[in-house]
Every structure is written in C-alpha cells, then in structure tokens.
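So the structure is just underneath, and the comments pick up after that.
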Amino acid sequence: MCGIFGVYGSKDAALLTHLGLYALQHRGEESAGIIAYDSKKIRQCQGMGLVNDLFDQKSLKSLRGNVALGHVRYSTTGSSSIENIQPFLAKHKGGHIAIAHNGNLTNALKLRREMEKEGSIFQTTMDSEIIVHLLARSSGRDCKKTTLLATLQRLEGAYSLVMMVDGMLIGARDPYGFRPLCIGRLGQAYVLASETCALDLIHAKYIRDIEPGEIVFIDKDGLRRANLPKKDKRAFCIFEHIYFARPDSSVFEKNVYMIRKQLGRQLAKEAPADCDIVMPIPDSGNSAALGFAEESKIPFEVGMIRNHYVGRTFIQPSQHIRDFKVKVKLNPIREVLKGKRVLIVEDSIVRGTTSRSRVKTLREAGAKEIHMRVSCPPIISPCYYGIDFPTTKELIAPKKTIRQIRDFIGLNSLKYLSLDGMLKAIGSPKREFCTACFSGVYPTKPPKRLSKDILEKEN
Ligand code: AMP
C-alpha cells in the first residue's frame with residue numbers, strides 16, 4: 001500500500017504536499033518523498049522513515065514551484081530500500097516524468113522482461129518504474145492524451161497514479177478502480193489525494209473521486225479528462241474499508257468510520273455473544289466494536305490502551321521482558337477486565353500471531369472468558385493488487401478450521417462476519433468490490449507469482 005498526493009497551482013505546493021503526506025502516513029511508513037517543479041528546475045527530497053522525521057522547514061523551502069507531488073511507501077513490490085523510494089523521477093530528452101504509484105501491476109514482470117530484451121535498464125525493482133519507461137519511450141517531451149492512454153492500456157492490475165510530466169499534473173485510476181484517488185480544490189489550486197483526510201488537513205474542498213479508468217490532466221488551462229476503455233465491472237478494494245483507510249476518510253464515496261460501524265452492527269446480528277463487555281483491539285477495531293456494542297446492547301469498554309508514540313522499531317532492553325513487542329504498544333486495564341466475559345472485535349485476522357499474543361495479555365490481566373468477533377470473513381487468498389498480505393503459506397485461514405484458529409489464538413469462541421453480511425453492511429452490489437482475499441475469485445487474471453519475489457531473488 002501507499003499514499004499519493006499532488007498539488008497544481010499553489011505557491012505552497014511542496015508545503016501542502018508535506019501536510020498531505022502527513023495525513024496519509026498510515027498508508028506507508030517505510031519511506032516518503034516530495035518532488036516540486038518551478039517551470040525551470042525540478043527538485044526532490046526523500047528518505048527512509050516517517051514524514052515528520054524526513055522534512056524540515058529548510059528542505060521544504062528549497063522545494064520551490066507551484067506543482068508538487070508526494071508519496072508515502074509501504075512496499076508490496078520492490079524491497080524496502082533507498083532506490084525504491086517514490087515519487088520516482090526520470091529525466092529524459094530534456095524533460096521529466098515523475099510518478100507516485102499506489103497499487104500493484106499484475107503484468108509487471110512480463111512488461112519488464114520485454115523492455116529489458118529491447119535494452120531498457122531498470123534502476124529499481126518497483127513495478128512503477130515500468131510506467132515511466134513506457135511513457136518515456138513513446139511520449140518524447142509531450143504528454144498527449146493518446147500517449148498516456150496507450151501506455152496505461154498496456155498495464156494490468158491496480159494503479160492509482162499521480163504524475164508530473166513536464167510541469168503538468170496528471171492523476172489516473174485503473175479501469176477497475178482498485179485503489180482510491182480523489183480530486184479537491186484549494187482556491188484556484190487542484191489537489192489529488194489517496195484519501196479525503198489529506199484534503200481536510202489542508203482545508204481543500206473534496207470535489208469528487210477520479211473515476212475508474214479516468215485520467216485527469218491539470219495545467220495552466222485547467223483540468224481536462226480522458227477515459228480508458230470501460231470494464232464491465234469495478235473492483236474497489238474492500239480491505240480499504242475494513243482495515244486500511246483512515247476512518248475519517250471517505251473512500252469510494254463512502255465514509256470509512258460509518259461503514260466500519262455498520263460492519264460491527266451486522267456482526268452483532270450474525271454472531272451474537274453472551275458477554276459483559278465489548279472492546280476493540282485499538283485502534284483498527286474501534287469503529288466496528290462501537291457498532292457491535294450499539295447493536296448488541298452490551299457495554300462498550302476500552303480494555304486496552306495504545307501507546308501512540310511507538311514507531312516501527314524500538315530499542316529492545318537488554319534484560320528480557322516477556323512479550324515486549326505487544327506490551328510496548330498496548331497495555332491492558334486490569335480494573336476493566338478482571339473477572340469479565342470479554343468480547344473483542346477485530347477488524348481482521350491475517351497470520352493470527354498478533355491476536356494470539358494480545359489475547360494472552362488480556363487473560364493475564366484477569367479476563368474470565370475471551371470471545372472474538374471479526375468484522376470480515378477469513379482471509380484465504382493473497383492480494384495481487386497492493387495490500388501487503390503474506391503468502392498463502394503464512395495466512396492462517398487457509399490452513400486451519402475456525403475451531404483450530406480459535407484454539408491457536410486461545411479464545412473461548414471465534415466467529416467471522418459472512419461475505420454476504422459484509423457486502424450488505426457496505427451497501428454495495430457484489431460487482432463493485434474486489435473480495436478476492438476472502439473468496440479466491442480474482443477480478444483479473446492473477447500472476448503466477450509476485451514480481452517482487454522473483455526480482456528480489458535475482459538482485
Ligand atoms: P494477526 O493476528 O497477526 O493476524 O494480525 C491481525 C491484525 O493485523 C489486524 O487486526 C489488523 O489490525 C492488522 N492487519 C491487517 N491487515 C494487515 C496488513 N496487510 N499488514 C499489516 N497488518 C495488518
């Protein structure tokens with residue numbers, strides 16, 4: 001997953017992009033970058049780590065110009081390394097192409113092999129670089145509609161893109177619309193963002209989502225649009241609503257918090273439990289747990305507190321502390337849990353390992369019974385469209401029955417939301433969403449293997 005953001009037409013383009021990335025930080029914590037253009041020079045600033053640690057007043061001031069784009073990265077293809085930081089910039093024939101990509105191309109390896117045969121030299125292992133090569137070959141210095149349309153038509157899989165080609169800002173979404181991307185306005189400026197929470201932070205007004213298969217070109221003449229050939233269905237990623245997007249965002253034109261609450265309500269109807277309290281595992285289960293509590297009339301409690309200052313890595317003490325990784329992040333409130341029959345609402349179970357250690361912590365804090373309800377069905381298949389799920393081998397649901405998962409996590413009972421119940425709660429017909437991770441039915445031909453695995457072995 002990744003977060004992408006772009007601004008056209010503001011003298012504060014880089015500063016606004018910095019704020020946009022700050023709001024989108026949850027979409028990628030590995031690396032971040034900003035590229036700005038002032039009609040003469042293109043400048044970039046990037047690094048490994050969090051947005052707040054990478055940019056300061058000085059670096060942002062140096063990113064002059066009224067066009068900027070930015071990216072926060074969570075690698076799904078290409079390793080987590082410096083050369084794979086985005087936006088990816090290529091200078092060619094006196095012009096430039098910069099790209100920020102969210103998604104995963106399923107024909108990346110095939111395209112890359114073809115291009116390598118013809119002499120292309122790749123600098124990264126990212127699938128996004130393929131788009132730049134395709135564009136650079138055919139476009140020369142211009143970024144005419146037809147060139148971009150032809151390039152994007154060669155791509156398969158998921159892509160939401162923000163690009164800058166010779167000073168023009170371009171936004172595009174694949175014809176299935178796997179990943180979100182929206183347009184906002186801030187005065188005369190145009191803003192493109194993965195999620196609406198990034199527009200809110202800079203006081204930009206949400207205008208609309210970029211439609212599946214739509215490309216928008218933004219320059220001094222305003223916004224023009226073009227469309228890729230239509231597909232007969234859409235495949236919005238349902239996991240954006242379940243786990244990935246921020247609850248204060250609207251993605252696919254629906255508020256995430258309201259959807260998650262509805263998932264919790266549906267879960268309470270399908271899988272009720274006789275318990276004393278309902279609690280989330282903070283923070284991803286919060287909204288669904290509230291919905292469950294409201295529907296079931298079981299009191300909502302906060303049985304665990306999250307330390308918000310934990311980064312991705314922390315220095316382990318030399319002295320051995322049991323379950324340190326879990327403890328440093330979440331601490332149970334014994335007074336809430338002691339002697340209680342606790343119902344935990346989880347947004348999803350992936351490997352089952354974090355849930356297992358959290359349940360252990362709750363038991364040690366005195367919970368009498370622990371039941372879990374999950375606000376989506378079992379995850380049985382890998383994602384080829386940009387969610388970083390482990391391989392089928394590492395996922396728990398394909399290997400174990402629900403009873404076995406219950407026992408592995410150490411629960412008194414475990415129930416999942418049904419696929420139909422999930423779609424009902426989201427209020428959309430089946431054909432709108434990609435539910436491949438729950439059903440194994442993919443909206444496009446899945447690749448045999450992820451290009452990430454193959455390329456990294458070679459490098
Ligand atoms: P586990 O118990 O190890 O399966 O972890 C489940 C938790 O991981 C869920 O409650 C989510 O909060 C979180 N999660 C879900 N999907 C992902 C993902 N793709 N990458 C990292 N964490 C995830």
Side-chain angles (χ1 to χ4, degrees), residues 1-3 25-30 72-77 80 102-104 158 178-179 237-247 256-257 260 263-264 267 278-290 292 303-304 306-308 310-313 323 325-326 329-330 343-363 370-400 402 404-411 414-417 422 434-438 450 452:
M1 287 305 289
C2 296
Q25 185 75 83
H26 61 287
R27 297 185 71 87
E29 298 180 0
E30 272 172 26
V72 284
R73 180 152 201 267
Y74 177 45
S75 63
T76 51
T77 72
S80 171
N102 174 204
N104 222 5
F178 284 101
R179 303 276 147 235
C237 169
I238 206 154
F239 213 66
E240 291 272 353
H241 272 307
I242 288 162
Y243 167 74
F244 211 78
R246 243 170 71 161
V256 175
Y257 172 80
R260 283 187 194 160
L263 289 166
L267 188 58
V278 170
M279 63 168 274
I281 298 286
D283 287 324
S284 53
N286 290 358
S287 324
L290 271 167
F292 193 107
M304 257 183 167
R306 179 171 164 195
N307 182 338
H308 286 266
V310 182
R312 286 179 73 85
T313 51
D323 301 320
K325 274 190 184 166
V326 183
K329 215 170 167 183
L330 290 166
L343 185 125
I344 307 170
V345 179
E346 257 288 30
D347 60 278
S348 55
I349 297 175
V350 184
R351 291 181 174 87
T353 45
T354 43
S355 307
R356 180 185 163 112
S357 50
R358 282 162 190 171
V359 165
K360 192 164 150 244
T361 309
L362 293 173
R363 281 219 192 272
I370 304 179
H371 305 263
M372 187 179 280
R373 299 292 180 266
V374 188
S375 67
C376 68
I379 298 171
I380 54 162
S381 287
C383 177
Y384 298 110
Y385 309 112
I387 295 278
D388 191 22
F389 282 147
T391 56
T392 313
K393 234 162 83 190
E394 290 168 277
L395 289 170
I396 192 166
K399 288 183 305 215
K400 292 190 193 295
I402 292 178
Q404 287 169 332
I405 300 172
R406 177 198 70 189
D407 295 343
F408 174 80
I409 298 177
L411 297 160
L414 168 67
K415 283 184 183 160
Y416 290 85
L417 186 60
M422 176 180 69
C434 172
T435 54
C437 51
F438 306 120
L450 278 174
K452 172 185 175 180

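For ligands, and for the atoms within them, numbers begin at 1 and follow the listed sequence. Computed from a predicted model, the values in this text were never measured in an experiment.
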Side-chain donor/acceptor pairs under 3.5 Å, residues 343-352, sequence neighbours excluded:
| unit_1 | atom_1 | unit_2 | atom_2 | d |
| --- | --- | --- | --- | --- |
| Glu346 | OE2 | Ser355 | OG | 3.4 |
| Asp347 | OD1 | Ser284 | OG | 2.7 |
| Arg351 | NH2 | Glu394 | OE2 | 3.2 |

Expected rows: ligand 1 N/O, protein N/O, dist below 3.5 Å:
| unit_1 | atom_1 | unit_2 | atom_2 | d |
| --- | --- | --- | --- | --- |
| ligand 1 | 2 (O) | Thr354 | N | 3.4 |
| ligand 1 | 2 (O) | Thr354 | OG1 | 2.9 |
| ligand 1 | 2 (O) | Ser355 | N | 2.8 |
| ligand 1 | 2 (O) | Ser355 | OG | 2.5 |
| ligand 1 | 3 (O) | Gly352 | N | 3.4 |
| ligand 1 | 3 (O) | Thr353 | N | 3.2 |
| ligand 1 | 3 (O) | Thr353 | OG1 | 3.4 |
| ligand 1 | 3 (O) | Thr354 | N | 3.0 |
| ligand 1 | 3 (O) | Thr354 | OG1 | 2.7 |
| ligand 1 | 4 (O) | Val350 | N | 2.5 |
| ligand 1 | 4 (O) | Arg351 | N | 2.8 |
| ligand 1 | 4 (O) | Gly352 | N | 2.7 |
| ligand 1 | 5 (O) | Thr354 | OG1 | 2.6 |
| ligand 1 | 10 (O) | Glu346 | OE1 | 2.6 |
| ligand 1 | 10 (O) | Glu346 | OE2 | 3.2 |
| ligand 1 | 10 (O) | Asp347 | OD1 | 3.0 |
| ligand 1 | 10 (O) | Ser348 | O | 3.2 |
| ligand 1 | 12 (O) | Ser284 | OG | 3.0 |
| ligand 1 | 12 (O) | Asp347 | OD1 | 3.2 |
| ligand 1 | 19 (N) | Asp388 | O | 3.2 |
| ligand 1 | 20 (N) | Tyr74 | OH | 3.1 |
| ligand 1 | 22 (N) | Tyr243 | OH | 3.3 |

Would you say the side-chain atoms of Arg260 pair up with the backbone N or O of Gly285, donor to acceptor, closer than 3.5 Å? no

Pairs flagged by salt bridge (Lys or Arg N to Asp or Glu O under 4.0 Å) wherever residues 238-247 is involved - sequence neighbours left out: Arg27-Glu240, Arg179-Glu240, Arg246-Asp248

Hey, what do you get for CZ (Phe438) to CZ (Phe239), rounding to the nearest 0.5 Å? 6.0 Å

Under the rule for ring pair (Phe, Tyr, Trp, His ring centres under 6.0 Å), what residues qualify as partners of Phe292, not counting sequence neighbours? none

Donor-acceptor pair, Lys329 side chain versus Arg306 backbone, under 3.5 Å? no

